[in-house]
2 protein chains.
Amino acid sequence: MSTAIHMLDAAERFCTERGLSLTPMRRRVLELLVEAGGPVKAYDLLSALKPGGAAQPPTVYRALDFLTRAGLAHKVEALNAYTACLNGHDEDDPCTGSAELFICESCGNVDERHMHRAPTDAPEGFVITRSVVEHYGQCVRCAN
Amino acid sequence: MSTAIHMLDAAERFCTERGLSLTPMRRRVLELLVEAGGPVKAYDLLSALKPGGAAQPPTVYRALDFLTRAGLAHKVEALNAYTACLNGHDEDDPCTGSAELFICESCGNVDERHMHRAPTDAPEGFVITRSVVEHYGQCVRCAN
DNA sequence: TCACGTTGCGTAATGTCATAACGTCACCCC
DNA sequence: GGGGTGACGTTATGACATTACGCAACGTGA
Ligand SMILES: [Zn+2]
Ligand SMILES: [Zn+2]
Ligand SMILES: [Zn+2]
Ligand SMILES: [Zn+2]
């Protein structure tokens, strides 16, 4: 799929521009996430990495840690899973902050928005450093 | 604390009105959550239950399942923890849907809002059945 | 060129979170 | 009193994640 290749190339540029090293292992994990096109469990990534060297949990968790810190991937908290960031990192709009995820429970597809707006009804004086926003339901294809 | 007693009484009424049985075990777990005043881990609840009978994981997870289904408690997904619902269940405003949580990372205090509004930028045709919204940061007391 | 700090990753062990599966008892309804 | 249901005890296991240690590669300055 050309989209996947494009996303990996964009990630490559994204990292070189920022002095981050997208090592083969990290690139491979990102590739698996992109190919999956939705949330993937860490141990499933682990299984996918196996045929090519017996990988252990820390291997994949270290890669995921790098990718999520860099903004190239997101953890889906309510699923204990991980998904590739869908925002174009080659554009002038890096996904530095929190993402708002729309996850279809039927087909597993994920859509993503940047969290630009702050909550209108936050407690007085509350300073937000990180937000987790995940919406579950049916995408337009799966809604009957 | 009178607030805690009030919340438990309100939960009692809430359950009787709906034909739900707030058993001693469930009430005890809710009591622990209310007393904690913030997110509590399942195994910490387990430890707190021990002196009075050796409790096993399924015991506390069943109680939490009941409480969360009833809307009397919420799971804090990003912390793998659970917190008592702060909305007054004796009022005409049950916390049936999703809650928006503001969690102070310094003092552990939790504030809660009902999720009334839908996202303005959801994908076309996406039908939301459940939302997870958790904001992390500093409450007004802890912000320096 | 060599010592030294840093980074990435292999490996083993462990820790943390959650559920499956089965049995028992109390209760309600007919 | 037979049968269904719901709540909970108990044992075991599964699923998710981290700690700790070691080593090899790399850059940097002496
Ligand atoms: Zn993103
Ligand atoms: Zn779908
Ligand atoms: Zn609530
Ligand atoms: Zn605080």
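At distances below 3.5 Å, at least one donor-acceptor pair connects side-chain atoms of A/Lys41 with backbone N or O atoms of A/Leu79.
Rounding to whole angstrom units, CG of residue A/Leu46 and P of C/dC9 are separated by 14 Å. Taking atom CZ of residue A/Arg28 and atom P of nucleotide C/dG8, one finds them 19 Å apart after rounding to whole Å. To the nearest angstrom, C1' of D/dT5 lies 15 Å from CG of B/Leu20.
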Which parts of nucleotides 11-20 of chain C does protein reach within less than 4.0 Å, heavy atoms only, written one letter per nucleotide 5' to 3' as B for base, S for sugar-phosphate only and - for none? BB----BBBB
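In this model, a donor atom of one side chain and an acceptor atom of the other lie less than 3.5 Å apart for A/Ser131 and B/His135.
Here the closest non-hydrogen pair linking A/Val127 and B/Ala143 is CG2-CB, 4.2 Å. The heavy-atom pair separating A/Ser21 from A/Arg26 by the smallest distance is O-NH1, 2.8 Å.
Looking at A/Arg13 and A/Asp9, no side-chain N of the basic residue comes within less than 4.0 Å of a carboxylate O on the acidic one, giving no salt bridge.
In this structure, B/Phe126 and A/Phe102 have perpendicular ring planes: the angle between them is above 60°, well past the 30° mark.
Taking NZ of A/Lys75 as the start and CG of A/Leu67 as the end, the distance is 14.0 Å to the nearest 0.5 Å.
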Report each atom pair, protein N/O against N/O of nucleotides 26-30 of chain C, whose distance is under 3.5 angstrom.
none

